[in-house]
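Sharing a structure below in structure tokens format, with a few things to ask.
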Amino acid sequence: MQEFFEIATTDFAATFEGAWMLPLLLLSAGLILWKEPDWTRKILLGGLPLAAIFIYWFLPTGMLLMKLLGENIYWRILWLILLAVTIPYALCLLLRRCRGLRRQAAFLLCLVLLALCGTPLLASEEFLDSTNEYKIPQYVIDVCELLPENIHAVVSNRLLPYIRLYDTSITLEYARNAFVFVSLEEGRSDIEKLYLEMQEDEIDLSVLAPLAKSEGCTFIVLSNTRTYIGEWEDNGYTKYASTDEFDIFVDMDYEEGEDTRKWID
């Protein structure tokens, strides 16, 4: 139970961090329940947002859904709250009570309120100035420029969302949704074990390399800050190339130009 509340509290705080949208949402939902005459809109726009928050925090439903969905994606229940619909609709209910210039002034005040209660979208760390025509991080291009075409690879999580945007001839062992492997308890497959070993601060090459080889991963790309137990050459891989941030290792049985893809697009 304590673990549930710790996870729920952390994710809830992160969702609404740095913004006043939560109080504004609660006020908006309350206003809709109070002032909206149509019962369908009252329930959909006023009742459901409050119901979603209740389900999120109510211990029986919360623990059940966290077990079914997984700890890492439980917070997405909050996506059921339609902030972009509920809050503007409540403000429109207020504007409906105004006339003439008062309505225009109230509309401007509503815009200011929304701007002040939110957070600047482009200020998020997920938004960066584009440094290339592909509009993907430059470190990804640096890695892709060194990798051959038509190969199968397992790569650092930082590279997962972008590699195939640059070069679709490269197939990846798992996609960016592989974090679900973390929440699994039993019956782990080789790919799940490979993913978990890739996340270790100190990677045991006697575990990683055989798993990567058995899954047909010709290339392994890892951050150059990682440390290892064992030697790459003793486990069937050798260093292929490096960038400022990543090291690339290749299966010693790989022949240049060989097609090792797991599928063909």
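Nothing fancy with the numbering, it's 1 onward along the sequence.
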Next item on the list: Give the cluster check for V85 versus L33: same hydrophobic cluster or not, with ILVMFWY residues linked at side-chain heavy-atom distances below 4.5 Å.
Entry: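 No, V85 does not connect to L33 through the hydrophobic network.
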Checklist line | Minimum-distance pair of heavy atoms, taken over all atoms of W79 and L82 | finding: O-CD2, 4.4 Å
Next item on the list: Over all heavy atoms of both residues, which pair between E197 and L208 is shortest? Give the atoms and the distance, please.
Entry: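 Shortest heavy-atom contact: CG-CB, 3.9 Å.
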Check: If you draw a 6.0 Å radius around CD in E202, do more than 12 non-hydrogen atoms from other residues or ligands fall strictly inside?
Finding: yes
Margin query: If we count only N and O atoms by modelled type, under 3.5 Å, do the side chains of T171 and H152 hold a donor and an acceptor together?
Written below: yes
Next item on the list: Output the distance between atom OG (S28) and atom CG (L94), rounded to the nearest 0.5 Å.
Entry: 8.0 Å
Next item on the list: Specify whether F12 and F16 have parallel, tilted or perpendicular ring planes, treating 30° as the upper limit for parallel and 60° as the lower limit for perpendicular.
Entry: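 The rings of F12 and F16 sit tilted, inter-plane angle from 30° to 60°.
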Note to self: With a 6.0 Å cut-off (strictly less than), is the heavy-atom count around CZ of R99, excluding the residue itself, greater than 12?
What the structure shows: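 Correct, the count exceeds 12.
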Next item on the list: Go through the steps for I53 and F58 under the test side chain to side chain contact (heavy atoms under 4.5 Å, CB included), then give the verdict.
Entry: CA-CA 8 Å; I53 294 175; F58 187 52; over 6 Å; no
Check: Which atoms form the tightest heavy-atom contact between I151 and P148, and what is the distance?
Finding: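 The answer is CG1-O, 3.3 Å.
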Item checked: Qualifying residue for ring pair (Phe, Tyr, Trp, His ring centres under 6.0 Å) with Y240, from Y254, F246, W232, F219 -> F219
Check: What closest approach, in Å, do P49 and L45 show between heavy atoms, and which atom pair accounts for it?
Finding: CG-O, 3.3 Å
Next item on the list: Check which hydrophobic residues are tied to L68 through side-chain heavy-atom contacts below 4.5 Å, counting indirect links as well, and list them.
Entry: L64
Note to self: Can you classify the ring geometry of Y74 versus Y56 as parallel (below 30°), tilted (30 to 60°) or perpendicular (above 60°)?
What the structure shows: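 Taking Y56 first and then Y74, their aromatic rings lie parallel (interplane angle under 30°).
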Checklist line | CG-CD1 distance between L50 and I81, expressed to the nearest 0.5 angstrom | finding: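 Interatomic distance, L50 CG to I81 CD1, rounded to 0.5 Å: 8.5 Å.
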Notebook entry, point to check: Pick from D251, N150, T218: which one makes a side chain to side chain donor-acceptor pair (under 3.5 Å) with T260?
Noted result: T218
Notebook entry, point to check: Which distance, rounded to the nearest 0.5 Å, do you find between the CG of L147 and the CD1 of I163?
Noted result: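 The distance works out to 6.0 Å.
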Check: Hey, does the side chain of T168 reach the backbone of R164 with a donor-acceptor pair shorter than 3.5 angstrom?
Finding: no
Notebook entry, point to check: So, the side chain of T86 versus the backbone of L83: is there a donor-acceptor pair under 3.5 Å, distance only?
Noted result: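 Here the side-chain-to-backbone pair does not exist.
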Notebook entry, point to check: When rounded to the nearest 0.5 angstrom, what distance separates CD1 in I73 from CG in L65?
Noted result: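 Output value for this atom pair is 10.5 Å.
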Next item on the list: Could you go through the ring pair (Phe, Tyr, Trp, His ring centres under 6.0 Å) check for F249 and Y237 one step at a time?
Entry: CA-CA 6 Å; F249 302 92; Y237 285 82; 8.1 Å; no
Check: Are L113 and L31 grouped together when hydrophobic residues (ILVMFWY) are joined by side-chain heavy atoms under 4.5 angstrom apart?
Finding: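 Yes, L113 connects to L31 through the hydrophobic network.
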Check: Roughly how far, to the nearest 0.5 Å, is the CD1 atom of I264 from the CG atom of D259?
Finding: 6.0 Å
Checklist line | side chain to side chain contact (heavy atoms under 4.5 Å, CB included) between L205 and I229, intermediate numbers included | finding: CA-CA 6 Å; L205 296 182; I229 300 173; over 6 Å; no
Next item on the list: Could you tell me which non-hydrogen atom of V221 sits nearest to which non-hydrogen atom of M198, and how far apart they are?
Entry: O-CE, 4.1 Å
Notebook entry, point to check: Is the number of heavy atoms from other residues, nucleotides or ligands within 6.0 Å of CD (E200) greater than 12?
Noted result: yes
Identify all side-chain donor-acceptor contacts of residues 104-112 below 3.5 Å with residues at least two apart in sequence or on another chain.
none

Check: Is there a donor-acceptor contact under 3.5 Å linking the side chains of N235 and E231?
Finding: no
Notebook entry, point to check: Around atom NZ of K262, are there more than 12 heavy atoms of other residues, nucleotides or ligands at under 6.0 Å?
Noted result: yes
Check: Around atom CZ of R226, are there more than 12 heavy atoms of other residues, nucleotides or ligands at under 6.0 Å?
Finding: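 For R226, atom CZ is crowded (more than 12 foreign heavy atoms under 6.0 Å).
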Notebook entry, point to check: Donor-acceptor pair, S214 side chain versus L211 backbone, under 3.5 Å?
Noted result: yes
Margin query: If the threshold is 4.0 Å, N to carboxylate O, is there a salt bridge linking K239 and E233?
Written below: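 Salt bridge: no.
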Item checked: Check: R261 side chain, I170 main-chain N or O, donor-acceptor pair, under 3.5 Å ->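 Answer holds: no.
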Check: Counting heavy atoms not belonging to W57, are there more than 12 under 6.0 Å from its CH2?
Finding: yes
Notebook entry, point to check: CD1/I191 to CD/E173 distance, rounded to the nearest 0.5 angstrom?
Noted result: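 Taking CD1 in I191 and CD in E173, the distance rounds to 4.5 Å.
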Next item on the list: Could you tell me which non-hydrogen atom of G46 sits nearest to which non-hydrogen atom of I32, and how far apart they are?
Entry: N-CG2, 3.9 Å
Notebook entry, point to check: Can you tell me if CG on D244 sees more than 12 non-hydrogen neighbours from other groups inside 6.0 Å?
Noted result: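 At most 12 heavy atoms, drawn from other residues, nucleotides or ligands, come within 6.0 Å of this atom.
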Checklist line | Test side-chain contact (heavy atoms from CB on, under 4.5 Å) applied to L27 - qualifying residues, sequence neighbours left out | finding: none
Next item on the list: Flag this pair as yes if the NZ/CZ of R41 is under 6.0 angstrom from the six-membered ring centre of Y89 and inside a 45 degree cone about the axis; otherwise no.
Entry: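 No, R41 does not lie over the aromatic ring of Y89.
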Note to self: Membership question, hydrophobic clusters at under 4.5 Å side-chain separation (ILVMFWY): are L165 and I141 in the same one?
What the structure shows: yes
Margin query: side chain to side chain contact (heavy atoms under 4.5 Å, CB included), that's the test. Do L172 and V154 meet it? Break it down for me.
Written below: CA-CA 6 Å; L172 300 176; V154 59; over 6 Å; no
Next item on the list: Could you walk me through whether D247 and S242 pass the side chain to side chain donor-acceptor pair (under 3.5 Å) test, one step at a time?
Entry: CA-CA 4 Å; D247 290 328; S242 295; 2.9 Å; yes
Margin query: I'd like to know if the side chain of E258 and the backbone of E255 have a donor-acceptor N/O pair within less than 3.5 Å.
Written below: yes
